[in-house]
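The model shown is predicted, which means the values in this text are computed figures rather than measured ones. Counting starts at 1 for both ligands and their atoms, following the listed order.
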Amino acid sequence: MEGLQLKKYAELLVRSGGNVQPGQLVVIGCAVDDAYFARIVQECAYDAGAKEVVMNWIDPASTRTRYLRAEDSVFDEFPQWRVDWYKHHDDRGAVYLHIDSSDPDYLAGVDSDRLRRFSKVSSIATKEHSALTMSNALRWSVCAIPSPAWAKKVFPDIPEAEAMEKLWAAIFKCARADGADAIADWQVHSGNFSERLDYLNKMNFDTLRITTGLGTDLTLGLVKNHIWAGGGDVGKDGVPFYPNIPTEELFTMPDRMRADGRVVASMPLSRQGNLIEGFEMTFKDGLVVSYKAEKNEQTLADIFTMDEGAKRLGEVALVADSSPIGKMGILFYNTLFDENASSHLALGKAYPNNMENGTEMTVEERVAAGCNDSFTHVDFMFGTPDMKVVGIAADGTETVFFENGDFI
Ligand code: ZN
Ligand code: ZN
């Protein structure tokens, strides 16, 4: 990929994504194989006035080897120094930028019990850090760049170099970073969200009834005083930012006790290197009471055994079928892209800022108000080109506002 375009993309992450402010600490999370791009982002962050840019290198390949070869007991503990590492940067108001390029299959064949156990201890240990990012007390942003393994997974039938070019092009298009001025394009994109958000927040529906031709028929209660969000977000310090590049979704908080009916996934779910395919689940009073999958059902089951909250919903998101990602029709095997291709639900933790005063309340207060809490948050897609959503007001009035896969 051409240097100038890479720099523009890096600037989008720094200036729009995390919106790095002069004098601010920046943490960049990136795989060692992608150091070339992380270094461009680092330069851009210093150009934006960052006080210091800390590199947080990861290596999916050696993570895999650790899962395969380390002694079993290590997966039940999370090092305290790592918790302190996050706290050190959190206390200094860091902006977290993350560059994702992971091979969707990098954990394939790894013992799922090890993954589940380590995922649980990591979530518990980093709970404070997650709470800070999920409540926008700290700004953060994630973007993606191709890696050869990922590119080959998405485009298996062409040579690697060609697949890389093709994935770069798809990423730029999805991220609306293919124009002359991506930062300006994002301002326009963000403005388009406002109209729909205003409508949904004004209607203040009590319940959504969602149906698709695949068989989804879900009656989903929303929490009282829920807030629809999408596009940009605003940090607690009042500085706007975009947590996800790309972003196409409008999302809010379902009531953890009010989901009834069947949800049939419309896309496979890539999870810890395994692809869960042809799956569906049935809810009663907000709880998953049955589920099945044609492929990797155990991986799906492992999500539900995390904790009670993992069996309830923490997010409902609407994505127009006409979004650039949806139109592309590519399965990216990466939630950042696939969740912006299609309407989705998330099992697990809800975003506190999807509820009035949510970020000021304690976890117990939020849960009592219907906000789901969990150590996990797993998005899965169910949107289809024939999806319909009826909004039901507290007085029972019904309004169809989403039909044939798009907002009316
Ligand atoms: Zn979402
Ligand atoms: Zn989500």
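- Side-chain polar atoms of Thr219 and Asp260 form no donor-acceptor pair below 3.5 angstrom.
- Between Tyr242 and Trp186, the ring center distance clears the sub-6.0 Å criterion.
- Glu339 contributes OE1 as its N, O or S atom closest to the Zn ion (ligand 1).
- Taking the six-membered ring where tryptophan is involved, the planes of Tyr67 and Phe75 are essentially parallel, since the angle between them stays under 30° and well short of 60°.
- Taking the Zn ion (ligand 2) as reference, the nearest N/O/S atom within His377 carries the name NE2.
- Taking the six-membered ring wherever Trp is involved, the centroid distance between the rings of Tyr351 and His377 falls below 6.0 Å.
- Residue Asp379: an N/O/S atom is found under 2.8 Å from the Zn ion (ligand 2).
- For the Zn ion (ligand 1), the nearest N, O or S atom contributed by His344 is named NE2.
- The residues Lys202 and Asp198 are annotated as not salt-bridged, no charged nitrogen and carboxylate oxygen being separated by less than 4.0 angstrom.
- At least one N, O or S atom of Glu249, from either the backbone or the side chain, sits less than 2.8 Å from the Zn ion (ligand 1).
- The N, O or S atom of Glu315 with the smallest distance to the Zn ion (ligand 1) is OE2.
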